[in-house]
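Basis for what follows: all heavy atoms, side chains included, without hydrogens, waters or symmetry-related copies. Quantities reported herein were computed from a predicted structural model and do not represent experimental measurements.
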Amino acid sequence: MMLTDTIRQIHAASNGVYGVRWVHAELTFGRGMKLWHGTVAMLMSWAGIKGIAGRPK
């Protein structure tokens with residue numbers, strides 16, 4: 001699927017750091033796509049893509 005490939009590219013470009021929030025922001029604001037947050041979360045879950053948990057201290 002084309003959208004899943006785009007999500008994989010964004011995640012890889014962030015060195016595996018970006019989670020659902022940042023990937024969704026990049027798709028929405030950076031690339032001008034109209035997507036729901038839940039759609040991005042579902043596709044990332046199906047593809048086995050996860051960001052790094054927790055905030056830096």
Side-chain angles (χ1 to χ4, degrees):
M1 181 175 209
M2 187 175 133
L3 185 55
T4 307
D5 293 337
T6 305
I7 290 171
R8 282 190 178 133
Q9 289 173 357
I10 293 169
H11 189 260
S14 73
N15 295 321
V17 174
Y18 283 4
V20 175
R21 286 175 139 184
W22 286 102
V23 171
H24 178 258
E26 174 63 29
L27 289 169
T28 305
F29 300 116
R31 302 193 185 202
M33 296 181 176
K34 305 272 184 187
L35 297 168
W36 286 354
H37 184 270
T39 303
V40 177
M42 177 186 64
L43 290 173
M44 286 181 71
S45 175
W46 284 352
I49 302 170
K50 293 181 181 179
I52 294 178
R55 292 181 156 230
K57 298 184 176 163

Discussion item. Measuring from atom CG of L27 to atom OG1 of T6, what distance do you get when rounded to the nearest 0.5 angstrom?
Written reply: 7.0 Å
Fill in: Minimum heavy-atom distance I52-G16, with the two atoms named
CG1-O, 3.7 Å
Worksheet item: In terms of hydrophobic clustering (I, L, V, M, F, W, Y; side-chain heavy atoms under 4.5 Å; direct or indirect links), are W46 and I10 co-clustered?
Response: yes
Fill in: Flag, side chain of H24 to backbone of T39, donor-acceptor distance under 3.5 Å
no
Worksheet entry | Shortest non-hydrogen contact from I7 toward M44 | CG2-CG, 3.6 Å
Worksheet entry | Shortest non-hydrogen separation from Q9 to R31 and the atoms involved | OE1-NH1, 4.2 Å
Worksheet entry | Working for side-chain contact (heavy atoms from CB on, under 4.5 Å), residues L35 and L3 | CA-CA 10 Å; L35 297 168; L3 185 55; 3.9 Å; yes
Item to complete: Could you tell me whether a side-chain N or O of S14 sits under 3.5 Å from a main-chain N or O of H11, the two making a donor and an acceptor?
Response: yes
Fill in: In one Ile/Leu/Val/Met/Phe/Trp/Tyr side-chain cluster, 4.5 Å: V17, F29
no
